[in-house]
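Have a look at the structure below before the remarks.
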Amino acid sequence: MESLNGIDKSRVLDVKPLRTLMPVFPTGAQAPNFGCMPPFGHTPNGFSPFFPFSAPPQATQQSPDLNHVSPPGMQTPAGHMPAPLRSYRAPNPSGALPHDFPEDSNGDGESSMGGTANEDGYFDGHKDVAPHRGSSSSRKKTNRASSSRKKVKKSGDADALIFVGNKGSSVNFVSLISPVQLEDGNRELVNYVLVNFDALRRRICQIEDTKEKNTDTIKRADLKAGNIAMTKKVRTNMRRRIGVVPGVEIGDIFFFRMEMCVVGLHAPSMAGIDYMTLKGDLEKDPIALSIVSSGGYEDETDSSDVLIYSGQGGNTNNKDKQVAVSDQKLERGNLALERSLQRGNEVRVIRGLKDDTTLNSKVYVYDGLYKIQESWTERGKSGGNMFKYKLVRVPGQPDAFSVLQTIRKWKDGLSSRAGLVLPDLTSGAERIPVSLVNEVDNEKGPAYFTYFPSLKYSKSFTLTQPSLGCKCRSACLPGDMNCSCIQKNEGEFPYTGNGILVSRKQLVHECGATCSCPPNCKNRVSQSGVKVRLEVFRTKDRGWGLRSWDSIRAGTFICEYAGEVIDEVKFKNKGDEGETDDYIFDTRRDYDSFKWNYEPGLLDEDSPNDSVEDYSIPYPLIISAKNAGNVARFINHGCSPNVFWQPVLYEQNNQSFLHIAFFAIRHIPPLTELTYDYGISMSDEAANNNGLHRKKKCLCGSSKCRGYFG
DNA sequence: GACCGCTCAGCTTA
DNA sequence: CTAAGCTGAGCGGT
């Protein structure tokens, strides 16, 4: 990494940026460590009324008792409510994230996680959210600007004002990101900003889904979420820079252009060339910072390290950028690329390609730094001259785009997966095959088990009373408040139109067997099986693991934890008898709290107790996947996981059963190992260390590794 | 500081 | 499934 940045430093260091107070050029991959503490200020209080599954939904629908809501971080007095069955550890004393996000998925060995606590009061997991100090003026300005600008919007409907900040709580929203952190990010911040962005985007989708079709709807939740994140300052890396953006790693994937805006990877919301005008001593020339190659036209080059990029302009109509009607001019982005060719500075390249998992959508991969090697003009198909730029990838960087290209070939059958042991380890039990792959050693596969895709409840172990199914004739619709299943979900449809979980909850209620809605109802996500192309693969030092060929969006359902449900007594007996079971899922363990939903207050309709994440488990559940299970039994523990589990309830055979469904915490690039937090056994049981509960040394490799798990 | 023009988005519908 | 229509956000430039 050092050498990458060292090469041309001397050539560009003499230029000064416009409008920034700090030098714009990074000193290398290491951004100054400002000890960012991610702004996860809210500790789930973990105390919620214990209610039986069969309780009427109205019980949770009644008007919230606002007096009941503790300020963030304040514990509800003990004894006030029943103790939770599932407990959460408090954030660690440094105040840093109780649970950080996976870092360094590309294995470049460079951890940009700050990890230490910021001491200037911006974040403190123990106190109430600390207000900004010394930034009130800029904050005021920002909010005023945004609201005055937005209010002028043409549609005078009340609807149009829903998301703009001139009323309600959002005007009072205070970003937890300090001015320093707004300028320069790190891995934790980047992940926080991205997770918040997408949570907000999903929530806006959810709200819009409930509206009537022809009312004034927001079709672009991505833009709206991006706009809010930008103006409310839930963003980072605002300082424009050449080269490495701290916290953004090669191989990171994005599903919206706005995501690259909010983390400072690529500023324009639509344009493909990001550039900056330098007010140098000599000349004032634009210089290219990053480009987005949209993949709309194939780059004829075979090598994934070379990119031919077309200039902008020339009256290209929006559909086919390949066709320039008039000549492109050497201005704006084109001029910047030309100057960057002369200067030889590195340009960030983001490559887009079709995402086959979601209709009509694209995935963008940050492919690292390139250099512009040459430029020329070409006559476009409609006669206009176009600029062309040949960019070559700086060597020594981890693979990113090429990985996606390779996977594409596997899927198209143009090349075969190396190390393939078994094409489908489920023997057809899942709709999509799950490959078994070993590129590491000679192991032929995991120990024998029965592939079973769901939960086995033993007869003697009945759980809950049946709940009444909904009466919807066709697929349940988000806006339909008559749907009893939607009522159970507090009036909110848990999933977006393409089946992505909107927010994390104590319990998600899906439609079940007695619901009259068809199997394709959108409220049956977790019960309709794996949709992601998975492979079980041999890890270097942690046995078998699970990963995906697909790019996974945050909130995507991965799989449920299948296996045999065992009751607490049996569980204890097995342990006493010295039986070992490494395939236990146990809700009673101690889990790190973490925040997944968007920052409350970003939307005006947020009520004070919205987004308070309370995940105490209403009923203990122990699952063993030792003898029978699905792909979930291969997911390893991670102290910085990219997958979390969400309790889901639905009815089968006239009884409601609790299931454990895994969802993606964040966007997960292909072939990144999936991990979740195994939690830690309660101390009293951990003392009984010879049986099922054996603490294990953790090899997850995260900078936040606790050292052990289980 | 407000406004204008530019753009390899992303939806929606035919 | 492809094509076309259409409303955009943030930025540089004025």
Side-chain angles (χ1 to χ4, degrees), chain A residues 17-20 141-142 144-146 148-150 152-155 160 163-164 197 201 204-205 208-209 213-214 216-231 235 238 240 254-279 284-299 307-324 326 328-329 331-337 349-356 358-364 380 386-389 391 496-498:
Chain A
L18 191 63
R19 295 170 55 190
T20 45
K141 226 179 273 172
T142 306
R144 188 169 300 147
S146 78
S148 63
R149 204 175 97 219
K150 291 297 170 185
V152 209
K153 283 188 79 97
K154 40 207 153 196
S155 47
F163 293 106
V164 304
F197 166 87
R201 189 192 61 81
I204 293 169
C205 285
E208 292 303 309
D209 282 349
K213 265 284 171 171
N214 46 4
D216 196 7
T217 58
I218 294 167
K219 289 162 189 136
R220 295 291 301 271
D222 58 321
L223 294 185
K224 191 52 69 180
N227 175 253
I228 292 173
M230 297 289 270
T231 56
R235 58 186 294 193
M238 289 174 72
R240 322 256 290 137
F254 306 88
F255 290 92
F256 296 95
R257 293 285 302 262
M258 287 304 287
E259 293 180 323
M260 297 181 256
C261 298
V262 295
V263 297
L265 182 63
H266 185 84
S269 58
M270 292 184 195
I273 306 168
D274 190 8
Y275 64 97
M276 185 169 73
T277 301
L278 301 165
K279 210 174 207 161
K284 57 168 194 193
D285 278 337
I287 187 166
L289 306 179
S290 59
I291 61 167
V292 176
S293 148
S294 192
Y297 22 37
E298 315 87 55
D299 311 305
L307 172 66
I308 309 297
Y309 193 81
S310 305
Q312 59 187 193
N315 257 346
T316 55
N317 48 2
N318 247 345
K319 303 134 217 164
D320 190 353
K321 304 286 182 183
Q322 193 76 355
V323 179
S326 56
Q328 294 185 340
K329 291 177 188 150
E331 57 183 20
R332 301 171 185 272
N334 299 342
L335 181 60
L337 287 171
V349 169
I350 299 103
R351 293 196 180 224
L353 67 170
K354 267 185 225 118
D355 176 30
D356 33 353
T358 313
L359 183 70
N360 254 343
S361 82
K362 243 188 269 184
V363 59
Y364 300 92
M386 306 180 69
F387 288 99
K388 294 280 181 171
Y389 300 89
L391 291 97
T496 63
N498 47 3

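Reckoned from all heavy atoms, side chains included, excluding hydrogens, waters and symmetry mates. Please read these numbers as outputs of a predicted model, since none were measured by experiment. By convention in this document, chain letters (A, B, ...) are assigned in the order of the sequence lines, proteins followed by strands, and residues within each chain are numbered from 1.
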- Comparing A:A271 and A:K219 on DNA chain C - which has the more 5′ nearest nucleotide: A:K219
- Roughly, in whole Å, what's the span from CD1 in A:I273 to P in C:dG12? 14 Å
- Message: Output the rounded distance in Å from CE (A:M276) to P (C:dG12).
- Response: 9 Å
- Message: With a cut-off of less than 4.0 Å, is there a side-chain N or O of A:N227 near OP1 or OP2 of C:dG10?
- Response: yes
- Message: By a 5.5 angstrom centroid cut-off and a 30 degree plane limit, is there stacking between A:Y309 and B:dC8?
- Response: yes
- Query: Do A:F197 and A:R235 have side-chain heavy atoms sitting under 4.5 Å apart?
  - Reply: no
- Rounded to the Å, how far apart are A:I291 CD1 and B:dT7 P? 16 Å
- Query: With sequence neighbours left out, what residues match A:N498 under side chain to side chain donor-acceptor pair (under 3.5 Å)?
  - Reply: A:T496
- Query: Is there a donor on the side chain of A:R220 or the base of B:dA9 sitting less than 3.5 Å from an acceptor on the other?
  - Reply: yes
- First encountered from the 5' end of DNA chain B, between A:Y364 and A:M270: A:M270
- Message: At 4.0 Å (heavy atoms only), tell me whether A:G226 reaches a base, stays on the sugar-phosphate, or touches nothing.
- Response: sugar-phosphate
- Message: Only Watson-Crick and G-U wobble pairs with both distances less than 3.5 Å should count. Give DNA chain C in dot-bracket notation, marking inter-strand partners with |.
- Response: .||||||.||||||
- So, is A:K362 near the phosphate of B:dA9, with a side-chain N or O under 4.0 Å from OP1 or OP2? yes
- Message: In the structure I gave you, are the side-chain heavy atoms of A:V349 and A:Y309 within less than 4.5 Å of one another anywhere?
- Response: no
- Any A:Q312 side-chain N or O less than 4.0 Å from OP1/OP2 of B:dC8: yes
- Query: Under the side-chain contact (heavy atoms from CB on, under 4.5 Å) test, which residues partner A:D355, sequence neighbours left out?
  - Reply: A:F255, A:T357, A:T358, A:S361, A:V363, A:R553
- Item | Contacts of type salt bridge (charged side-chain N to carboxylate O under 4.0 Å, His left out), residue A:R201, not counting sequence neighbours | A:D198
- Rounded to whole Å, the CG-C1' distance (A:L307 to B:dC8) equals 11 Å
- Message: What is the separation between atom CD on A:E259 and atom P on B:dG10, rounded to the nearest whole Å?
- Response: 9 Å
- Query: DNA chain C: A:N360 or A:C261, which has the more 5' nearest nucleotide?
  - Reply: A:N360
- Closest to the A:M258 side chain, choosing from B:dC11, C:dG10, B:dT12: C:dG10
- Message: Closest approach to the side chain of A:Y275, judged atom by atom: which nucleotide of C:dG13, C:dG10, B:dC8 is it?
- Response: C:dG13
- Message: Under 4.0 Å, heavy atoms only, any strand: does A:D222 hit a base, just the sugar-phosphate, or nothing?
- Response: sugar-phosphate
- With sequence neighbours excluded, tell me which residues meet salt bridge (charged side-chain N to carboxylate O under 4.0 Å, His left out) with A:R220. A:D222
- Short side-chain N/O contact from A:R240 to OP1 or OP2 of C:dG12, under 4.0 Å: yes
- Measure from CZ on A:F256 to P on B:dT7 and round the result to the nearest Å. 24 Å
- Query: So does A:T277 get a side-chain nitrogen or oxygen closer than 4.0 Å to the phosphate oxygens (OP1/OP2) of C:dG13?
  - Reply: yes
- Task: Could you say whether A:S361 or A:G272 is positioned toward the 5' end of DNA chain B, judged by the nucleotide with the nearest heavy atom to each?
- Result: A:G272
- Verify, without hydrogens or angle tests, whether A:Q312 (side chain) and A:G333 (backbone) share a donor-acceptor contact under 3.5 angstrom. yes
- Item | A:H266 side chain near A:C261 side chain, heavy-atom distance below 4.5 Å | no
- By side chain to side chain donor-acceptor pair (under 3.5 Å), A:N334 pairs with (sequence neighbours left out) none
- Task: Looking only at side-chain atoms of A:K224, point me to the closest of C:dA9, B:dT12, B:dG10.
- Result: C:dA9
- Message: With a 4.0 Å cutoff (strictly under), does any side-chain N or O of A:S269 reach OP1 or OP2 of B:dT7?
- Response: no
- Whole angstrom is fine here: how far is it from CD in A:E208 over to P in B:dG10? 18 Å
- Can you tell me how far C1' of B:dT7 sits from CG of A:L289, to the nearest Å? 16 Å
- Could you give the distance separating C:dG13 and B:dC8 at their C1' atoms, to the nearest angstrom? 22 Å
